[in-house]
There are 2 protein chains.
Amino acid sequence: MAGHMAGHRAGHRPEREPRRRVTIADVARHAQVSTTAVSKVLRNAYGASPAMRDRVKAAIEELGYRPHAAARAMRGRTFTIGVLIPHVRNPFFADVLDGVGEQLGGSGYQAILVQGGSTDLAAESRAVEALIDRQVDGILMIAPITPKSRLEEVAGEMPLIVLGRHERSSAYDAVFDDDDAGTELVVRHLIELGHRRIGHISQRNAGRGKPVALPHLTRAETYRRVMTEHGLEGEIAIATTSWTEEGGYDGTRELLARSPRPTAIFAGADQAAFGALSALHEAGLSVPGDVSVAGYDNTRLAAMANISLTSVDQDGTLMGRTAARLLLERVEGRTAAMRFSVTPALVPRLSTGPAPGSGAGA
Amino acid sequence: MAGHMAGHRAGHRPEREPRRRVTIADVARHAQVSTTAVSKVLRNAYGASPAMRDRVKAAIEELGYRPHAAARAMRGRTFTIGVLIPHVRNPFFADVLDGVGEQLGGSGYQAILVQGGSTDLAAESRAVEALIDRQVDGILMIAPITPKSRLEEVAGEMPLIVLGRHERSSAYDAVFDDDDAGTELVVRHLIELGHRRIGHISQRNAGRGKPVALPHLTRAETYRRVMTEHGLEGEIAIATTSWTEEGGYDGTRELLARSPRPTAIFAGADQAAFGALSALHEAGLSVPGDVSVAGYDNTRLAAMANISLTSVDQDGTLMGRTAARLLLERVEGRTAAMRFSVTPALVPRLSTGPAPGSGAGA
DNA sequence: ATGAAAGCGCTAACAT
DNA sequence: ATGTTAGCGCTTTCAT
């Protein structure tokens, strides 16, 4: 794992000649028209004859001209949308980005991503400011931990879509999963299998102020509610770690330390569920013989035969596609707030089974 | 999984007042100095007295001024580096980005990411052009499929670091894993365990021209070499799919269809190895009893107890950190090419064991 | 329909 | 040490 550095051998020509880029002026000269004309053609604006359009387009082609986004930013649009993502490690976000990419393809808009850090509010703020400073035309924030008040400020400066949060705002659009419904599906599934001691792994809230309406809150709350509705309020056990493999592992160890130990674990996310499976394996417990495990997100890995993790499918691609569409609408001028929620579905697999000695199920 | 859209209820005030941003001129006025002075303070440039620095800094603070990256782009630096990533789904890249983030933290530079698509050269080209058009100060390309000639063109326009490719160029720096050494470690490991029929899962080359020097080429080549060196050239079996769960699954099915079937599979990447484990499980074969499996990358998941995948560790964080450092050096003026290679290490786990009936090992 | 020209926010000569 | 000023490439009035 050590690194080895080597310098350059051959003595080529390491000059970086700042070979001036083709500008709108070059195109104008080449096509024998004004820069205004070129600009109009570029933006499909009114006031250019078909003949002129053709000449300009030909010149653009010949010279290989591409607009300079930074210069555009100073006056009009950059045709760039900024996406804030907590961390690229979460595969669910990859689905969302696939959807964003699908929707943006051919629209002329380019997505640029910045990582927020998922637990560090200061880092997330810097990332968002970086997007604003770079004059993107609109911002999509995925599961941000930024307080609502600040989101509304950002929305005051530019079009904003927030994905994965439940609060209602008139300043930005919201795209989210119906986490309440999804959680109800899993928890009931476990209860119907005869489980009573069902543990839950949740995430720590970021920051110290009022927690923002992120999915982990809804999932934990609904877990409590459904447990209570089934007379299981005494069995509620939540380990608050993080939705990562490590978090799932630690949370599971914590839950297993209880006596008697839970017979089922609802990890709030697949990533945490993978850690749970690992911890159970290490503890010599069989799944689902001794302990059932369910996740949330239905990541690709959950479907693998040797994992076969019961999970809740939320259509991340659809969420991403919708978010991007809403954002483009806002860029084009819409100001009324919209909310879009996807309805999740339970995907039962082999990681959940009847509670030991319950007589339920097979 | 259906979606539900809801419009806005309350009739707030949906205006987006383009509340003019604070500019350098505002700061100058507030501090009673010239814009030049402010610019100098901003860039820590020569020619500003401590007294003036303080006043300007105070004004910046009071007004909440942040430089306008687009305006900066037109003259000097944007303090932005662009990172091209094939796809955020690959967890190894997450490690690399962690390293990049570590190195950039506090440097004043911000990383923006664009996704290339990993198999679509046109998409990758667009992504790179997008970075160039946005006037980033330098570009880091992770495992690009772009031909070397084009990379050198890009390097002619701005500082460039290429991560994960082996060709030598005097125009850009290269940061890569010693894939030859890593592959030799795994393949020998399997051979020492008594395996002879060792299959390999590789990736399809992107594009139709001469394949670029990406890791999958080196890994496949070294696999052939080591097999041959041990008199196993007759046992060479490569399934060429892709380094994803699906690719690993399909590749494994393909390898298992051979008769006699392999007793070990070296998947070129952990992601593919996970798919391999799934396919083996589905086929009712035990790991490592019937078939051993090894991956490459040593992702977090590989270490989970219930997976316990033998893998090769390449320090992605170190690679990312180094790449970012080299890029900043180039931004600061270095032009001589550098190459940095990390040395991989084998991490044997439970997914590899003695070949059935070989008598080797326990 | 077309083009001249002002200016977006900043940096870097070039004065002073 | 400090300030004046000319652009960077583009969009957008506003004449013509």
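All chains are named by letter (A, B, ...) in the order of the sequence lines, taking the proteins before the strands, and each is independently numbered beginning at 1. Heavy-atom basis, side chains included; hydrogens, waters and symmetry copies ignored.
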A.B. asks: Taking the basic N atoms (NZ, or NE/NH1/NH2) and the acidic carboxylate oxygens, is any pair closer than 4.0 Å for B:Asp133 and A:Arg21?
C.D. replies: yes
A.B. asks: Whether A:Asp26 and A:Arg29 form a salt bridge (side-chain N of Lys/Arg under 4.0 Å from carboxylate O of Asp/Glu) is what I want to check.
C.D. replies: yes
A.B. asks: Can you list the residues that meet the salt bridge (charged side-chain N to carboxylate O under 4.0 Å, His left out) rule with B:Arg72, with sequence neighbours excluded?
C.D. replies: none
A.B. asks: Between A:Thr78 and A:Gln135, do the side chains contain a donor N or O and an acceptor N or O under 3.5 Å apart?
C.D. replies: no
A.B. asks: Please list, chain by chain and in numerical order, all residues satisfying ring-ring contact (aromatic ring centres under 6.0 Å, His included) with B:Phe176, sequence neighbours excluded.
C.D. replies: B:His166
A.B. asks: Which of the following nucleotides, C:dA1, C:dG3, D:dG3, is nearest to the side chain of B:Ser34?
C.D. replies: D:dG3
A.B. asks: List in chain and number order the residues that pass salt bridge (charged side-chain N to carboxylate O under 4.0 Å, His left out) with B:Glu102, two or more places apart in sequence or in another chain; answer none if no residue qualifies.
C.D. replies: B:Arg321
A.B. asks: How bent is the helix from C:dA1-D:dT16 to C:dT16-D:dA1, measuring the angle between the end axes built from five pairs each, rounded to 10°?
C.D. replies: 40°
A.B. asks: Nearest-Å distance, CD1 (B:Ile60) to P (C:dC10)?
C.D. replies: 10 Å
A.B. asks: Tell me the interatomic distance from B:Arg53, atom CZ, to D:dT2, atom P, rounded to whole angstroms.
C.D. replies: 10 Å
A.B. asks: Go along nucleotides 8-16 of chain D 5' to 3' and tag each nucleotide: B for a protein heavy atom under 4.0 Å from its base, S when only backbone or sugar atoms are that close, - otherwise.
C.D. replies: BBBBB----
A.B. asks: List in chain and number order the residues that pass ring-ring contact (aromatic ring centres under 6.0 Å, His included) with B:Phe79, two or more places apart in sequence or in another chain; answer none if no residue qualifies.
C.D. replies: B:Tyr109
A.B. asks: With a 4.0 Å cut-off on heavy atoms, is A:Ala73 in touch with a base, just the backbone sugar-phosphate, or nothing at all?
C.D. replies: nothing
A.B. asks: Give a yes or no on whether a salt bridge exists between A:Glu153 and A:Arg150, defined as a side-chain N under 4.0 angstrom from a carboxylate O.
C.D. replies: yes
